[in-house]
Amino acid sequence: MSDIYLDNNATTMVDPAIVDAMLPFFTEQFGNPSSLHSFGNKVGMALKKARGQVQKILGAEHDSEIIFTSCGSESDSTAILSALKANPERKEIITTVVEHPAVLNLCEYLETEGYIVHKLKVDSKGRLDLDEYAKLLTDEVAVVSVMWANNETGTIFPVEKMAEMADEAGILFHTDAVQAVGKIPMNLQDTAIHMLSLSGHKLHAPKGVGVLYLKRGTRFRPLLRGGHQERGRRAGTENAASIVGLGLACEQAMEHMEFENVQVKAMRDRLQEGILAAVPNAFPTGDVDNRLPNTLNIAFEYIEGEAILLLMNKMGIAASSGSACTSGSLEPSHVMKAMGIPYTAAHGTVRFSLSRYNTMDEVERVIEAVPPIVAKLRKLSPYWGENGPVENPEQAFAPVYA
Amino acid sequence: MWDYSEKVKEHFYNPKNAGAVADANGVGDVGSISCGDALRLTLKVEPETEIILDAGFQTFGCGSAIASSSALTEMVKGKTLDEALQISNQDIADFLDGLPPEKMHCSVMGREALQAAVANYRGEEWSDDHEEGALVCKCFAIDEVMVRDTIKANNLSSVEEVTNYTKAGGGCSSCHEAIENLLTEEMAARGETFVPAASGKKKAKKVEKKKPDLVEIEVPGAVPAAAPAAAKGGLTLVQRIRKIEEVLEAMRPALRADNGDVELVDVDGKTVYVNLVGACSGCQMAAMTLGGIQQKLIEAMGEFIKVIPASERPAA
Ligand SMILES: Cc1ncc(COP(=O)(O)O)c(C=O)c1O
Ligand code: FES
């Protein structure tokens, strides 16, 4: 039986048609798109087409609003640093506690440079408090950066509304939409979003290509200066093959938008229902009623996520976890911590993220496989008795140096 | 995914002695729920002989935590308590054909569970000053707490010094930014400002030392063992070696209390090569011990001495 890949929020398979579309750009179509001769010109045309395809999925007004970058992280850094450079008198940033490290670690670094970073808190379901947000929108703020959808729980933030609020206060708004593009329909020209990041490898394009959407008229300062590529906003000879792949990926994602939100969602819902029906002391995390159609994050209490993943991997099932061990850090995922999930559950969170390449049959196989794995590990757990958690687990097992 | 040995996988997939021993008379609960690793070790000890008849574990933790627990129970069964206490965390790691640096703490947890269970059997109180921080240097598995403590204890002010004391930063050098940040904070706390080393060729020039009692005394590089060449400090090589031995001798009781020992292997100029034995030879413990020995030697000899594990001695 073939392996089951349920880690599509980490990265996705490149669609075979996309690989085919890319291959000529490694061989006969090797020209530099900036060159005048026909070698380069053909590549230039291909990039133009890709730009249009990205424009379409984002619902951007102009194709010149699309800047190709090397990844989602570069887009995030470019957006935030540009806003700070363009507004040197403003020293504050608003973001959230649950952002991807691409934003959070940059903000933490900026704090050491003297910036004040306001991180919006989330409630137990991972939701923001817009009143808290409204109060922070002052003339001191250079940029707001809030993710469209969370990579761990799939929770969707009301970024369109938040962008509106920022715009009214005269503040630049950036959203990390790396997980949202291709799963949530969007039409940026009707929004007040000034900047948006996306990454190719989350929607079946290759790794190492991304986009920064920059609304026309938004003040901008490039991160990479040099050649005139991307209209001088991102120097460096274009990664032509990957950009062509990303363009086609956007077109495909548009075509599958309904499939994603109906069939993929149905598989995700079945997975959740099937696992929760068979496994006691487990619960889904995040804003279950308002999340990406492909994402399911379940906390299995009293066991640890890496151990779960290793046993699943042995059965040919790939997923990921928010435990400390899987990330090599000392703490469970910052997203789980921010939602106040207790340690005994946060370390046992497993993220299943599906794609249109999964099947209901695979989902049923996972529903079969997971309960015995959880049971096996609980048998080893000091918190677990014969048939359930020991009484008062936290008192019954209170190790030294907790 | 981690690079686990086959042995680790074997003990994880099919752990030995899982579950609590029914009529246990020694129980050790250690670990940290916030870090996601905790272990209860139960022992059945025969009172007359102090032989461990049975051992069982219950672990909340990752693959290597479960494997380390399983390994530990296999290792202690049939041993007397005193024999079992000789097991170091490195022994546990070795039993598993090694652990990734990020996972060495799992073996430390195993050893501590054993100490706690034995203390519990003997009716003693077991306490632990174990404090773990985020991993700073992956090459040498050195965490933040150790880097900070070492900077504080020895008034360190450069990345190079931190490397000399703890080994952190001595490998791929990707952790130098993190070490500089810790230096900046710790030095600010003692009212000093961190000044980064110059880049490139300029770096080679020694930065002026602020502390006068740490003046470096240049010792001729490779002193032929037989030659009674007097170092600038006034001591002959033989005298220096004797003095070093004295310092090590004075530290021995403390090391032995931790089931470890130290052996002087070679002295090459201001570099002293030692062998750490037993419990001290684990990852983090070793670096801490080396730092401690180095500090004592610097004090006693009045010169800058580098203490390096003999395993890193260049071949003659
Ligand atoms: C929300 C979010 N932002 C940013 C990134 C980083 O994207 P990239 O890997 O292309 O730099 C990711 C991918 O892990 C992500 O999930
Ligand atoms: S991580 Fe510290 S030297 Fe490599």
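We use all heavy atoms of the structure for the numbers below, so side chains are in, but hydrogens, waters and symmetry mates are not. Lettering of chains follows the sequences in order, A, B, ..., and the numbering in each one begins at 1.
Only the side chain of A:Tyr383 comes within contact range of chain B, with heavy atoms under 4.5 Å apart. Contact of B:Asn181 with chain A is not made at all, since no heavy-atom distance falls under 4.5 Å. Looking at A:Lys337, neither its backbone nor its side chain comes within 4.5 Å of chain B, counting heavy atoms on both sides. Proximity to chain A involves both the backbone and the side chain of B:Tyr13, based on heavy atoms less than 4.5 angstrom apart. A:Ile303 touches chain B through its backbone: at least one of N, CA, C or O sits under 4.5 Å from a heavy atom, while the side chain does not.
When the shell of 6.0 Å around OH of A:Tyr109 is examined, it contains 12 or fewer heavy atoms from other residues, nucleotides or ligands.
Counting heavy-atom pairs under 4.5 Å between each of B:Gly61, B:Ser64, B:Pro15 and chain A puts B:Gly61 at the top. For the set B:Leu39, B:Thr59, B:Thr184, the entry with the most heavy-atom pairs within less than 4.5 Å of chain A is B:Thr59.
Put simply, the side chain of A:Asn294 reaches to within 4.5 Å of the side chain of A:Asn9, judged on heavy atoms. Side-chain contact between B:Met75 and B:Leu114 is absent, with no heavy-atom pair separated by less than 4.5 Å.
A donor and an acceptor atom, one from each side chain of A:Thr153 and A:Thr285, are nowhere located under 3.5 Å apart.
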Could you go step by step and tell me if B:Lys7 and B:Glu10 meet the salt bridge (Lys or Arg N to Asp or Glu O under 4.0 Å) rule? CA-CA 5 Å; B:Lys7 201 76 181 280; B:Glu10 190 185 307; 5.9 Å; no
Applying salt bridge (Lys or Arg N to Asp or Glu O under 4.0 Å), run through A:Glu152 and A:Arg351 and close with a yes or a no. CA-CA 7 Å; A:Glu152 291 190 31; A:Arg351 176 186 71 187; over 6 Å; no
